[in-house]
Amino acid sequence: MSSFLFSSYLLHFNCKFVTNKKSPLRRKDVKIMDPNQIEAWKNFLPQSTIEYLVNPSARTTGQALDGVATALCWPLLKLRIIQKAKLEQFTKEIREKNKQIPVENRDSSKVGLAVKAIEEARYQLNEDDIRKLYVNLIASTVDNRKNNVVSPRLATVVAQFGSDEAHLIKQLAHSESELLLTSQLWAVEGNSDYWITPRFLSIDDQIASEFASSIDTLKSLGVINDFLDRALTEAKYQEKYNNMEKTIEGLKPILGHHEKTTKFKNGYIQLSNFGSDLARCIFQ
């Protein structure tokens, strides 16, 4: 059975719920899964992992996901696409992160989405920064304090991240108002203009220009809102804009544009509502 079909089983399973006349159980208490689906999983997962998934409890969710991670990643390990040490670290991190969730907050109702995150993560286990994002997302998926905002889209978006995107969204998540200032130098010719420097970001009072393509990526994924030419007017921001402009002005002779008429487009990027939900699941 392919890993894709396996994930589909988990994402779309139908459950029957057992009740008792004397003590009715809520939806989250007891779940009996379709025997046909269980039979299909036997070709894919260890028996102990199947038992955890069939009869999930607050205490066994982490063990189930640990087993799923090993099973889904094993083919890539055999092909030497991922390193054994990275797989072992991944499963250990999943266990440890789940242990940090209070028992009363552990919730297996979205375990299928956790499996989707594991399936996406297996291709980037060798990237420490990205792997940690997935570990946090997997834990958030089985934590009832966060999983109300978890959807299949989150794992799909993280799969598009490289280390620069991961670093940039982390900086946004930890910044005041979840925003970062930007500045860019443009040349003006008649009624038209064009940019002559990449966009610079102010990060921890340092000026950085290496995140220009990452801004485009996060914007296209709906993670950030981008305001290219809408400067914030508060005094604390104006001082930062001035410092950025001075730094960029010094580049004009190097770039060969010191004789051109130029202007600055100052603005900012900020996490969108979706980006805030994502950051909450992959960083906190």
Side-chain angles (χ1 to χ4, degrees), residues 129-130 132-133 136-137 146 149 151 153-154 156-284:
D129 291 344
I130 307 300
K132 290 176 182 178
L133 300 187
N136 289 337
L137 177 57
K146 299 181 182 180
V149 300
S151 70
R153 183 183 176 195
L154 268 63
T156 301
V157 166
V158 175
Q160 309 302 312
F161 287 178
S163 57
D164 283 348
E165 287 75 32
H167 180 73
L168 183 53
I169 187 176
K170 184 176 182 179
Q171 291 294 330
L172 281 163
H174 294 158
S175 65
E176 182 182 359
S177 301
E178 297 183 334
L179 65 82
L180 294 172
L181 304 186
T182 69
S183 185
Q184 187 173 33
L185 186 64
W186 287 62
V188 180
E189 291 187 358
N191 294 324
S192 64
D193 57 15
Y194 57 91
W195 62 267
I196 56 178
T197 68
R199 288 181 75 183
F200 285 78
L201 282 168
S202 177
I203 302 178
D204 295 331
D205 295 324
Q206 300 294 317
I207 310 301
S209 63
E210 64 266 29
F211 297 104
S213 63
S214 296
I215 292 174
D216 291 340
T217 298
L218 294 179
K219 181 180 178 181
S220 69
L221 293 171
V223 175
I224 63 171
N225 293 319
D226 183 13
F227 304 95
L228 172 65
D229 195 17
R230 189 188 299 179
L232 296 169
T233 58
E234 290 90 333
K236 61 180 178 180
Y237 296 132
Q238 285 300 312
E239 182 179 356
K240 290 185 177 182
Y241 283 132
N242 291 337
N243 291 335
M244 294 175 76
E245 289 180 5
K246 289 178 182 178
T247 299
I248 299 171
E249 279 280 1
L251 299 175
K252 288 174 67 175
I254 300 174
L255 297 171
H257 297 289
H258 57 285
E259 296 181 353
K260 291 184 179 293
T261 301
T262 60
K263 67 177 180 180
F264 282 97
K265 290 189 178 182
N266 294 330
Y268 64 98
I269 59 173
Q270 186 174 35
L271 288 179
S272 63
N273 290 335
F274 168 73
S276 292
D277 288 342
L278 175 62
R280 180 182 172 216
C281 291
I282 61 179
F283 291 122
Q284 298 178 13

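Crowding of K265 atom NZ: a count of heavy atoms from other residues, nucleotides or ligands under 6.0 Å exceeding 12. Summarising the local packing, CD of E234 is surrounded by more than 12 heavy atoms from other residues, nucleotides or ligands at distances under 6.0 Å.
Distance alone, capped at 3.5 Å, places no donor-acceptor pair between the Q160 side chain and the T217 backbone. Looking only at distances, a side-chain donor or acceptor of Q238 sits under 3.5 Å from a matching main-chain atom of L232. With hydrogens and angles disregarded, no donor-acceptor distance shorter than 3.5 Å links the side chain of E239 to the backbone of K236. Counting only distance, with no hydrogens or angles, the side chain of N136 and the backbone of I282 share a donor-acceptor pair below 3.5 Å.
Residues V157 and F274 are in side-chain contact: their nearest non-hydrogen atoms beyond the backbone lie under 4.5 Å apart. Annotation: side chain of L201 is not in contact with side chain of E210 (no heavy-atom distance under 4.5 Å). Between I196 and Y194, some side-chain heavy-atom pair lies under the 4.5 Å cut-off. Annotation: side chain of L228 is in contact with side chain of R199 (closest heavy-atom distance under 4.5 Å). Looking only at side-chain heavy atoms (C-beta outward), T182 and D226 stay at 4.5 Å or farther from each other. When side chains are defined from C-beta on, N266 does not count as touching L181, because their heavy atoms never get closer than 4.5 Å. Using a 4.5 Å heavy-atom cutoff, the side chains of F283 and I169 are in contact.
Salt bridge absent: D277 and R153 never bring a charged side-chain N and a carboxylate O closer than 4.0 Å.
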Steps toward side chain to side chain donor-acceptor pair (under 3.5 Å) verdict (N225, S272):
CA-CA 6 Å; N225 293 319; S272 63; 5.2 Å; no

Would I269 and F211 count as a side-chain contact (heavy atoms from CB on, under 4.5 Å) if you check the C-alpha gap in whole Å, the side-chain angles of each, and the deciding distance to 0.1 Å?
CA-CA 12 Å; I269 59 173; F211 297 104; over 6 Å; no

Under the side-chain contact (heavy atoms from CB on, under 4.5 Å) criterion, do L278 and V158 qualify, and how do the steps go?
CA-CA 9 Å; L278 175 62; V158 175; 3.9 Å; yes

Taking it one step at a time, do V223 and L271 satisfy side-chain contact (heavy atoms from CB on, under 4.5 Å)?
CA-CA 6 Å; V223 175; L271 288 179; 4.1 Å; yes

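Side-chain atoms of Q184 and T197 form no donor-acceptor pair, as typed in the model, at a separation below 3.5 Å.
Between S213 atom OG and L218 atom CG the span is 9.5 Å, to the nearest 0.5 Å.
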